Amino acid sequence: MSGYVLRRVGQSLLALLGVSIVVFALMHLVPGDPIRTALGTRFDQDVYEVLLARSGLDQPIPIQYVDWLTSALVGDLGVSFRTGQPVSDALMQRLPATALLAVAALLVGIVIALPAGIVSAVRQGKPVDYAANGFAQVGVSVPDFWYGILLILVFAQILGWLPPSGYTSPLDDPVDALRRLILPAVTAGVVTGAILTRFVRSSVLEAMSADHVRLARAKGMPSGYVLRHHVLRNAWIPIITVSGLQLGTLLGGIVVVEVVFAWNGLGRLALDAVVRRDYPVLQGAVLLIAGVFLLINLLVDLVYAKLDPRIAAS
Amino acid sequence: MMSEAPVLSVRDLEVSFATKRGVARVVRGVSYEVAAGETLAIVGESGSGKSVSTLALTKLIPIPPGRVTGQALLGDDDLVPLSERQLLEYRGTRVGYVFQDPMTSLNPVHTIGRQLTEHTRYHLGLSESQARERAVELLEQVGIPAAESRLDDHPHQFSGGMRQRVVIAIGLACDPDVLIADEATTALDVTTQAQILDLVRRLQRERGMAVVWITHDLGVVAGIADRVLVMYAGEVVEQAGVDTLFDLPRHPYTVGLLESLPVLGDLERRDLTAIPGLPPPPTHLPEGCAFHPRCAFRHDERCATERPPLTEVAPGHSIRSFYAVPEEAARAASTAARLPEPGSDRTTDPEGRDDARSGRT
Ligand SMILES: Nc1ncnc2c1ncn2[C@@H]1O[C@H](COP(=O)(O)OP(=O)(O)OP(=O)(O)O)[C@@H](O)[C@H]1O
Ligand SMILES: [Mg+2]
């Protein structure tokens, strides 16, 4: 097991190194001089010189990479071309908002998907199964901004129960934070829930058809026991994996929801950075999201190995 | 042995499934009895209804789409009308099952110990330590060395043969009246297979258990069965004592099976698929005798229109055919089947069929 943990951690670090190369290359794939491009019409020779020296773009590329990586390792991701603010500060300001939204959305998704998926597998071919399938179909085929707009319309405009947009830190005002969290979390969570529902259903169905489940029934164990200890115990393994991956996907892909709900998270930060050609910020955001994604993956795999004794052994 | 009251007595068992292509009549009017200490083998091509007919006894098939009628008497209790909850008192405790694939029959995430104790704790009300003691005892009986130290191992830490022994131990754990072994040795190598057959025979003697042994392999049949049921398209087409079945089969299908096997004396795996043609799909059974389209012996108007009843051709020997294969032809088939072809690469195990049979008769 510990050998397995080391191996997985090593793999994750290697992957992160790969990501860093891709992210670093971004700077150099941009046609022309990125700083000049970024400054655009606001070009000013003095500002240009300062930025150039600070970004190290006047050095040979391998040296630039090593410099960039070593400073990135200690949390220094450079400064924003736009604001001059350290990129890591900007990221850390935004990360809690995105993490909160992503985790809340995942929870909403799981709360929808677990019962819906399990019930529709156990009652395969019955009306509940069709209902759950219908939900999953609609859920994945309608884009999330549509739910967002719909929810704002109904719950903010018409009913006036919840604020239509904006982010408040739960540390400042927990009640307001929660009220503002509900609509974006449900919006992103419905899509996640739809994806997960299908997945939970097929995992449970697959687990139910396993020979050892038939043997458990042939041993005379009650159906509830068989479901909990044999079917779900095996179905959890893929469900936990995919849920973890969904969290990673949510972190990276929540841009649209953040924009619809004016949610000041990493997604909006990255989007703004693209629009403003603020490359250090974009690099930092991508690196952070990729790093978190890899970390989640690693944790998922470790949980997975804990649940399935065959993994770590092989 | 035959005179004892049967432990399991199946009467007119019918199983059908509602499918998209219509009603699949998978088991049709199957009747048999098994006494304590007796082994009944069920043989037949893939899809002939061997597994379903035994799973249906305790409703281990999906219902719906499945439907079961007839009687399955375990002692005096008919299992067919029982509810799922009532059946829990029979499954595992009075009817033990051992399934085919040792690689998939055990739950990969639970320890062997847990899988060997959950039903003894549930049914027999054993405490955890009592159940573990019993599990160790069972594992020793099925020939797993250092049983105690292996209880906390997971299935992937066992070889295929060892896992199959564990699955057999699970089937035996609650001391069932009937053990149903469905291809229980098919996935194993010849040596392990012979060991497991020995083991089941020994445990059967010790416990007076009735055994229903499903297999494709006539070598296994010869090695373990007292009586044999040949199934075709969901029906019993021939039923006889094991010696009679090999010496003087009378149903054209059984004769075809024996003729299609050049060497029968080994325990090598054989699939019963050498008769030309295919069995009919259970949704579209032919009128008349289900076997008539493939029958090499005789077929006339009657075969194509009337379903033959199961008729006794000798005491304890019945066939479902209007025309029994003449004795000379049957003997020829049986002799042809028994004589090993010169030069054929015979990998005969000393446990081969002829030895096993002469050992019993
Ligand atoms: N749930 C089900 N729904 C519909 N048809 C089924 C179902 N289960 C089994 N059948 C059909 O029942 C028939 C008999 O199957 P069964 O498994 O009893 O065959 P078998 O004789 O055990 O074959 P094998 O030697 O391959 O194990 C097959 O035609 C199969 O397709
Ligand atoms: Mg079968």
Side-chain angles (χ1 to χ4, degrees), chain A residues 1 3-4 119-130 201 203-241 300-314, chain B residues 18 51 54-55 57-62 64-65 84-111 114-124 152-157 163 166-167 170-174 176 179-180 182 187:
Chain A
M1 182 79 195
Y4 173 76
V119 168
S120 79
V122 173
R123 299 255 175 278
Q124 191 192 4
K126 303 264 168 61
V128 265
D129 185 22
Y130 291 116
R201 178 180 184 272
S203 300
V204 172
L205 275 180
E206 195 186 321
M208 283 199 316
S209 71
D211 285 354
H212 63 77
V213 170
R214 188 178 62 174
L215 184 62
R217 292 187 63 223
K219 280 153 82 173
M221 304 313 289
S223 51
Y225 177 93
V226 175
L227 182 67
R228 284 191 312 272
H229 295 275
H230 290 282
V231 176
L232 295 183
R233 183 62 178 68
N234 280 277
W236 287 146
I237 298 169
I239 290 172
I240 287 175
T241 311
V300 166
D301 278 357
L302 296 183
V303 173
Y304 193 115
K306 187 88 197 138
L307 286 174
D308 189 339
R310 288 168 299 178
I311 307 284
S314 61
Chain B
S51 299
T54 51
L55 291 171
L57 299 178
T58 62
K59 303 221 182 99
L60 286 170
I61 53 166
E84 183 72 16
R85 181 142 288 284
Q86 291 170 313
L87 283 168
L88 297 182
E89 288 166 32
Y90 294 87
R91 287 181 194 150
T93 50
R94 298 192 53 197
V95 185
Y97 285 90
V98 176
F99 297 122
Q100 174 166 13
D101 195 343
M103 297 324 219
T104 56
S105 283
L106 293 170
N107 191 335
V109 304
H110 293 313
T111 61
R114 160 133 194 211
Q115 299 186 62
L116 260 166
T117 54
E118 56 187 3
H119 57 318
T120 56
R121 295 183 64 183
Y122 178 74
H123 292 299
L124 311 178
D152 296 317
D153 285 351
H154 284 91
H156 71 268
Q157 292 162 294
R163 284 188 222 185
V166 172
V167 174
I170 289 173
L172 294 169
C174 297
L179 184 75
I180 293 173
D182 191 342

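Chain A is the first sequence line, chain B the second, and so forth, proteins listed ahead of strands; every chain is numbered from 1. These numbers come from a predicted model, not from an experiment.
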Chain A contacts, top residue of B:E118, B:H154, B:H110, B:R85 (heavy-atom pairs, under 4.5 Å): B:E118

Pair A:H230, B:Q115: side-chain N/O donor-acceptor within cut-off below 3.5 Å: no

Residue, of B:P108, B:P176, B:P62, that accumulates the most heavy atom pairs under 4.5 Å with chain A: B:P108

side-chain hydrogen bond (donor to acceptor under 3.5 Å, both in side chains) involving A:H229 - partner list, sequence neighbours excluded: B:R114

Which portion of B:L87 sits near chain A, non-hydrogen atoms under 4.5 angstrom: neither

Structural part of A:A218 lying under 4.5 Å from a heavy atom of chain B: both

Whether over 12 other heavy atoms sit under 6.0 Å from B:Q86 CD: yes

Part of B:I170 lying under 4.5 Å from any heavy atom of chain A: side chain

For the student: nearest non-hydrogen atoms of A:G220 and B:Y122, plus distance: O-CE2, 3.5 Å

side-chain hydrogen bond (donor to acceptor under 3.5 Å, both in side chains) involving A:H212 - partner list, sequence neighbours excluded: none

Sorted by number, residues from residues 120-130 of chain A in contact with chain B (heavy atoms, under 4.5 Å): none

Gap separating the CG atom of B:N107 from the CG atom of A:N234, nearest 0.5 angstrom: 4.5 Å

Distance (rounded to the nearest 0.5 Å) between A:R214 CZ and B:I61 CD1: 12.0 Å

Any donor-acceptor pair under 3.5 Å from B:H123 side chain to A:K219 backbone: yes

Indicate every side-chain donor-acceptor pair of residues 90-99 of chain B with a distance under 3.5 Å to a residue at least two apart or in another chain.
unit_1: B:Y90; atom_1: OH; unit_2: B:D77; atom_2: OD2; d: 2.7
unit_1: B:R91; atom_1: NE; unit_2: B:T58; atom_2: O; d: 3.0
unit_1: B:R91; atom_1: NH1; unit_2: B:E84; atom_2: OE2; d: 3.0
unit_1: B:R91; atom_1: NH2; unit_2: B:T58; atom_2: O; d: 2.9
unit_1: B:R91; atom_1: NH2; unit_2: B:K59; atom_2: O; d: 3.3
unit_1: B:R91; atom_1: NH2; unit_2: B:E84; atom_2: OE1; d: 3.3
unit_1: B:R91; atom_1: NH2; unit_2: B:E84; atom_2: OE2; d: 3.4
unit_1: B:T93; atom_1: OG1; unit_2: B:E89; atom_2: O; d: 2.6
unit_1: B:T93; atom_1: OG1; unit_2: B:Y90; atom_2: O; d: 3.3
unit_1: B:R94; atom_1: NE; unit_2: B:D177; atom_2: OD2; d: 3.0
unit_1: B:R94; atom_1: NH1; unit_2: B:D77; atom_2: OD2; d: 3.4
unit_1: B:R94; atom_1: NH2; unit_2: B:D177; atom_2: OD2; d: 3.2
unit_1: B:Y97; atom_1: OH; unit_2: B:T54; atom_2: O; d: 2.9
unit_1: B:Y97; atom_1: OH; unit_2: B:T58; atom_2: OG1; d: 3.0

